[in-house]
Amino acid sequence: MTVEAGTGSQAVPLYERVRQALGPREWATIAGMTAVIVGLHVIGWFTLVAVIAPHHYRFGTHSQVFGVRRPP
């Protein structure tokens with residue numbers, strides 16, 4: 001995607017404009033937020049695969065607490 005920059009006739013790609021508009025501190029903030037999101041996904045998937053799945057918990061059945069029930 002290209003966007004016209006100013007009154008000139010030269011098109012500047014959007015990613016280039018974003019890269020130039022953000023300083024090092026903003027890029028560090030974006031990297032930190034991305035790391036937290038990825039970390040939460042890894043923790044969530046690890047919990048599902050390593051803790052929940054081996055016990056054969058059932059999700060979405062008529063259960064008592066938060067949609068999770070132990071097998072009988």
- What residue pairs, at least two apart or across chains, pass side chain to side chain donor-acceptor pair (under 3.5 Å) with a residue in residues 21-40?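 Sorted result for residues 21-40: empty, none.
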
- Task: Find out if a path of hydrophobic residues (ILVMFWY) with successive side-chain heavy-atom gaps under 4.5 Å connects Val42 to Val51.
- Result: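 Not linked; separate clusters.
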
- Query: Applying the 4.5 Å side-chain criterion to the ILVMFWY set and letting contacts propagate, would Val18 and Ile30 be lumped into a single cluster?
  - Reply: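 Hydrophobic grouping puts Val18 with Ile30.
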
- Note on the structure: On a heavy-atom basis, the closest approach of His41 and Ile37 is ND1-O, 2.8 Å

